[in-house]
Amino acid sequence: MDTTPSSSDFIRETITEDLQAGRVSQVVTRFPPEPNGYLHIGHAKSIYINFGVADEYSGKTNLRFDDTNPLKEDSEYVNAIKEDVAWLGFEWDGLFFASDYFEEMYNRALLLINKGKAYVDDQSADQVRETRGTLTEPGQNSPYRDRTVEENLNLFERMRRGEFGDGQKVLRAKIDMASPNLNMRDPVLYRISHAVHHNTGDKWCIYPMYAYAHPLEDAIEGVTHSLCTLEFKDQRPLYDWVVRECEMPHVPHQYEFGRLNLSNTVMSKRYLKKLVDEKLVDGWDDPRMPTISGLRRRGFTPESIRSFVKELGITVAGGEVDYKLLEHHVRQDLNLRAPRTMAVIRPLKLVITNYPEGQVETLDVKINPEVPEMGMAQVRFSREVYIEQEDFMEVPPPKYHRLYPGNEVRLKDAYFVKCTDVIKDADGNVVEVHCTYDPETKSGSGFTGRKVKGTIHWVSCESAIPAEIRLYEPMLQEDADNALPFDERMNPDSLKVEQGYIGIDIKDAQPQEKFQFVRQGFFNVDPKDTTPDKKVFNLIVSLKSSFKIEQPNTKG
RNA sequence: UGCCGAAUGGUGUAAUGGUAGCACGACUGACUCUGAAUCAGUUAGUCUAGGUUCGAAUCCUAGUUCGGCAGCCA
């Protein structure tokens, strides 16, 4: 895959040392998503780190579903996650579920109880919270903290048998209610939840908490380096406590890296789910979503996502990456891979008054000038063509090289045309532009008589194929205050739908095929809404442009 | 006023006691049948104050700022 060496970082340094010192013989990592939503670009970083680092050291990586909370999890998410990881280009060694380990986890809990390291607490959730203390004050011991081993064993077994209702009892670790690390103040290990689990059905009514389950999962699978994001940093002592006190034969270690934050991007699974549930977007794969499936449908390539996250590196410093960097990577990838085509997004009819009526020419055009091997395609040219509305202005601003009355431009791959007339409707809107063309200026004829500053794209009216073109902007407003809740930052213009035209050269385009609409951007054939009768194109990313119209842009 | 962690151009990231570099962005210019791409260039940085050292982004001390942590979520 991506074989260029990555620079060193604290994780790779640790692994190198562990290998050299013989502490581990083979690197084993895992990517442990909870199947409670779809993966997003932030997960792509974690996936890249876990799979990529292991791969560099000829190690193994498991895909493990951290499914310890039946209330939020669903097999729909399991399938989506598997598809996304595979699409990104990673192959897992083992495919596991935390729920496969429930029996072993239960037995280890019994061990903890027998050692006097865990107890059943009858306090309510509220009481537990109230007695946990605060950031500056220690907590208080539970009145049930000193139950006998026998009593704890009996109670815990009855919890499992379903003798108690949700929330009536929990199993807690007995550590230190005065610890400055809140995670060590007798954390809950098991809670009661009479819920159907996507994998184990109704076999269990007690479920282990993440802090207890995760280290055991790692230990069971022989994970050597458990790589997670920074918010778990404070749990490290508890992680080590669980592995040690449960007397796991294999001892994994946890290392934390900074998660990815992207500018103007919702990276909260919870909020993304809300957008989906409230139908504010067209599902998890809405092209505006930062989900892997959304990016895929939008038209991003796995290669571009990989090279993007690779460039981020592995650090612990927090920050926010400009989404322009992601755009750069996809442009760079698609520039060499995407066929060029002329498509008109907002059409304006241009009539060539001195071109013979009824005449149609077939022109050969390069599919990708950057990559001659991609060959040639054919397009049609006739007396009437559609051009882009923004390529004509009746009153041009400074440095406007496109069409305006009296100005001559090239119709790309065809002829020079000079604007002679403007047709307007009753409201004064420009509805048609009239030009004359010069037959001597045909593309490829070698004409050098004069030059024009502008070249514009077009589609021949007689064979133009209507297409729906969807233009996207970030879901969050560019200049909104980051402190504001997402609801107040949503960009009302994140989706704009246009009815445009494509040429016959891409009439057979298939879902997920990507093109560069010349002078405009890269587009993907939408796989969901495209029908045999009508193609839908998603804007992946626009082309950069160094031309900015100065002052108010009142079209036409 | 608890614990943990982090601070290098606008953004991300290198430099592991020895010339502060790379990428993105922005801005110039060249080229151009894509105002793209490409090429050339410009811009701009070690949080602060002390200390150690021939020499500090790097080590030490203090401070400042930012982030994470008080789910029976993960």
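Residue numbers start from 1 in every chain, and the chains themselves are labelled A, B, ... in the order their sequence lines are given, proteins ahead of strands.
For A:Arg270 and B:rG71, the shortest distance from a side-chain N or O to OP1 or OP2 is not below 4.0 Å. Using a 4.0 Å cut-off, no side-chain N or O of A:Arg331 falls inside it from OP1 or OP2 of B:rA37. Contact annotation: A:Ser193 does not reach the phosphate of B:rC72 (side-chain N/O to OP1 or OP2, under 4.0 Å). In terms of phosphate contacts, A:Lys548 brings a side-chain nitrogen or oxygen within less than 4.0 Å of OP1 or OP2 of B:rC27. Proximity of A:Lys544 to the phosphate of B:rA37: a side-chain N or O atom is located under 4.0 Å from OP1 or OP2. Within the 4.0 Å cut-off from OP1 or OP2 of B:rC3, not a single side-chain nitrogen or oxygen of A:Arg185 is found.
Taking atom P in both B:rG51 and B:rU42, the straight-line distance is 37 Å, to the nearest Å. For B:rA56 and B:rC3, the P atoms lie 32 Å apart once the distance is rounded to whole Å. Taking atom C1' in both B:rU58 and B:rG17, one finds a spacing of 7 Å when rounded to whole Å. Remark: the separation of the C1' atoms in B:rG9 and B:rG35 is 28 Å, to the nearest Å. Comparing B:rA23 with B:rA37, their P atoms sit 15 Å apart, to the nearest whole Å. Taking atom C1' on both nucleotides, B:rU8 is separated from B:rA14 by 10 Å, rounded to a whole Å. With C1' as the reference atom, B:rC24 and B:rU16 are 26 Å apart, rounded to whole Å. Rounded to the nearest Å, the gap between the P atom of B:rU64 and that of B:rU1 is 7 Å.
Nearer to the 5' terminus of RNA chain B, by closest-nucleotide assignment, is the contact made by A:Gly313 (compared with the other of A:Ser545 and A:Gly313). Residue order along RNA chain B, read from the 5' end via each residue's closest nucleotide, puts A:Val518 first among A:Val518 and A:Asp126.
The listed nucleotides are B:rC73, B:rC24, B:rC4; the one nearest the side chain of A:Lys233 is B:rC4. Listed nucleotides B:rA74, B:rA70, B:rC73 differ in distance to A:Asp66; the shortest reach to its side chain belongs to B:rA74. For A:Thr136, whose side chain is taken as the heavy atoms from C-beta onward, the closest listed nucleotide among B:rA36, B:rU1, B:rG35 is B:rU1.
Among the protein residues, A:Arg132 comes within range of the sugar-phosphate backbone only, with heavy atoms under 4.0 Å from sugar or phosphate atoms but none that close to a base. Residue A:Arg129 is classed as a sugar-phosphate contact, given heavy-atom separations below 4.0 Å to backbone atoms only. Across all strands shown, A:Arg402 has heavy atoms under 4.0 Å from base atoms, whether or not it also approaches the sugar-phosphate. Within the nucleic acid shown, A:Phe517 has no heavy atom closer than 4.0 Å to any nucleic acid atom. A:Thr315 comes within 4.0 angstrom of the backbone, heavy atoms only, and of no base. Across all strands, A:Lys324 comes closer than 4.0 Å only to sugar-phosphate atoms, never to a base (heavy-atom distances). Among the protein residues, A:Thr68 comes within range of the sugar-phosphate backbone only, with heavy atoms under 4.0 Å from sugar or phosphate atoms but none that close to a base. Contact annotation for A:Phe232: base contact, defined as any heavy-atom pair under 4.0 Å involving a base atom. Residue contacts shown for A:Thr134 include a base, since a base heavy atom lies under 4.0 Å away. The residue A:Gln516 sits close to a base: some heavy atom pair falls under 4.0 Å. Residue A:Met209 is classed as a sugar-phosphate contact, given heavy-atom separations below 4.0 Å to backbone atoms only. When heavy atoms are screened at a 4.0 angstrom cut-off, A:Ala317 is found touching the sugar-phosphate backbone but no base atom. Contact annotation for A:Asp413: base contact, defined as any heavy-atom pair under 4.0 Å involving a base atom. Note on A:Glu388: nothing from the nucleic acid sits closer than 4.0 angstrom, heavy atoms only.
A cation-pi contact, defined as under 6.0 Å to the ring centre and within 45° of the axis, is absent between A:Arg64 and A:Phe97.
A heavy-atom distance below 4.5 Å is not found between the side chains of A:Cys419 and A:Val409. The closest side-chain heavy-atom distance from A:Asp66 to A:Tyr210 is below 4.5 Å.
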TODO: List the steps and the verdict of side-chain hydrogen bond (donor to acceptor under 3.5 Å, both in side chains) for A:Gln123 and A:Ser142.
DONE: CA-CA 8 Å; A:Gln123 291 184 112; A:Ser142 164; 3.3 Å; yes
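In this structure, NZ on A:Lys174 lies 13.0 Å from CG on A:Leu189, to the nearest 0.5 angstrom. Note: A:Gln516 CD to A:Phe523 CZ = 10.0 Å, rounded to the nearest 0.5 Å.
Centroid-to-centroid, the aromatic rings of A:Phe515 and A:Phe522 stay 6.0 Å apart or farther. Taking the six-membered ring wherever Trp is involved, the centroid distance between the rings of A:Tyr38 and A:His43 does not fall below 6.0 Å.
Under 4.0 Å is where a charged nitrogen must lie from a carboxylate oxygen, and between A:Arg259 and A:Glu231 at least one such pair does. Looking at A:Arg380 and A:Glu361, no side-chain N of the basic residue comes within less than 4.0 Å of a carboxylate O on the acidic one, giving no salt bridge.
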Open item on the list: Can you give me the dot-bracket string for RNA chain B, 5' to 3', counting Watson-Crick and G-U wobble pairs with both distances under 3.5 Å, using [ ] for crossing pairs and | for partners on another strand?
Closed with: .((((((..((((....[..)))).(((((.......)))))....(((((..]....))))))))))).....
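Annotation: salt bridge (charged side-chain N to carboxylate O under 4.0 Å, His left out) contacts involving residues 364-375 of chain A, sequence neighbours excluded, are absent. Within the structure, salt bridge (charged side-chain N to carboxylate O under 4.0 Å, His left out) pairs that include any residue of residues 119-128 of chain A comprise A:Asp121-A:Arg172, A:Asp122-A:Arg147, A:Asp122-A:Lys169, A:Asp126-A:Arg129 (at least two apart or interchain).
Under 3.5 Å, the side chain of A:Glu370 and the base of B:rU38 form no donor-acceptor pair of N or O atoms. Within 3.5 Å, a donor on the side chain of A:Asp234 pairs with an acceptor on the base of B:rG68, or the reverse.
An aromatic stacking contact links A:His401 with the base of B:rG35, defined here by ring centres under 5.5 Å apart and ring planes under 30° from parallel. In this structure, the aromatic ring of A:Tyr210 is not positioned over the six-membered ring of the base of B:rA74 within 5.5 Å between centres and 30° between planes.
Here A:Leu295 pairs with A:Ile41, A:Phe300, A:Ile305 under the side-chain contact (heavy atoms from CB on, under 4.5 Å) rule; sequence neighbours left out.
A:Glu408 pairs with exactly one of A:Lys453, A:Arg450, A:Lys418, A:Lys451 by the side-chain hydrogen bond (donor to acceptor under 3.5 Å, both in side chains) rule, that one being A:Arg450. Among the candidates A:Val316, A:Ile314, A:Thr315, the single residue satisfying the side-chain contact (heavy atoms from CB on, under 4.5 Å) test with A:Ile11 is A:Ile314.
Remark: A:Gly167, A:Val170 in residues 162-176 of chain A come within less than 4.0 Å of RNA chain B through at least one heavy atom.
The two atoms that bring A:Thr301 and A:Arg337 nearest to each other are CG2-NH2, 3.1 Å, heavy atoms only.
Under the 90° criterion around 0 for the glycosidic angle, B:rG71 counts as syn.
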Close N/O contacts between protein and nucleotides 15-17 of chain B (under 3.5 Å):
| residue | atom | partner | partner atom | Å |
| --- | --- | --- | --- | --- |
| B:rU16 | N3 | A:Glu13 | OE2 | 3.0 |
| B:rU16 | O4 | A:Glu13 | OE2 | 2.1 |

